[in-house]
Amino acid sequence: MTDHDVRETQRILAEWVSALRLELDAAEAPVDIEVILGLAGTAAHAVLRPAAPLTTYLLGYVAGRAAGGSHTRFDGAGLDTAVAAIQRLAANYGSSSRE
């Protein structure tokens, strides 16, 4: 993939996220595209490809609970703790499930 292709992909994804935020009335939602895609990639490679959307959906669910005032163990420092927990689980799952 060329630099131009990467930039074009990033541009399209940023536009898509903006459109989603507007459509879903979620303009305030923090979206770190690189972190989310990286997490999806981790799940896809460590578990199975279909694990990627499931993982990101559940991360969004945790974010929603935290934003809504429901206490979760991932409150406080944002979703960094949840992302790290998912990465650890995926790394351990990938090695232990294939033994």
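Start at 1 with the first residue, then count along the sequence. In this text the structure is predicted, and so the values were computed from the model without any measurement.
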* State, with a plain yes or no, whether a side-chain heavy atom of V47 is found less than 4.5 Å away from one of L54. =>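 Not touching, per the 4.5 Å side-chain cut-off.
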* For the residue pair I36 and V31, establish whether any side-chain heavy-atom pair is separated by less than 4.5 Å. =>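 Touching, per the 4.5 Å side-chain cut-off.
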* **salt bridge (Lys or Arg N to Asp or Glu O under 4.0 Å) involving E28 - partner list, sequence neighbours excluded** =>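 Residues passing salt bridge (Lys or Arg N to Asp or Glu O under 4.0 Å) with E28: none at all.
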* **CZ/R21: more than 12 non-hydrogen atoms of other groups inside 6.0 Å** =>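 Counting neighbours around CZ of R21, more than 12 heavy atoms of other residues, nucleotides or ligands fall under 6.0 Å, so yes.
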* Asked: Could you state the interatomic distance from CG (L39) to CD1 (I86), rounded to the nearest 0.5 Å?
  ->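 One gets 4.5 Å once the value is rounded to the nearest 0.5 Å.
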* Asked: How far does CG of L37 sit from OG1 of T42, to the nearest 0.5 angstrom?
  ->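 One finds 11.0 Å between CG of L37 and OG1 of T42.
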* Asked: What residue pairs, at least two apart or across chains, pass side chain to side chain donor-acceptor pair (under 3.5 Å) with a residue in residues 5-16?
  ->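 Non-adjacent pairs meeting side chain to side chain donor-acceptor pair (under 3.5 Å): T2-D5, E8-R11, R11-E15.
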* To do: Among Ile, Leu, Val, Met, Phe, Trp and Tyr joined by side-chain contacts under 4.5 Å, find the other residues sharing a cluster with L58 and list them by chain and number.
  =>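 Joined to L58, directly or through intermediates: Y57.
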* **For A46 against A90, the heavy-atom pair lying closest together** =>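 Reported closest heavy-atom pair: CB-O, 3.2 Å.
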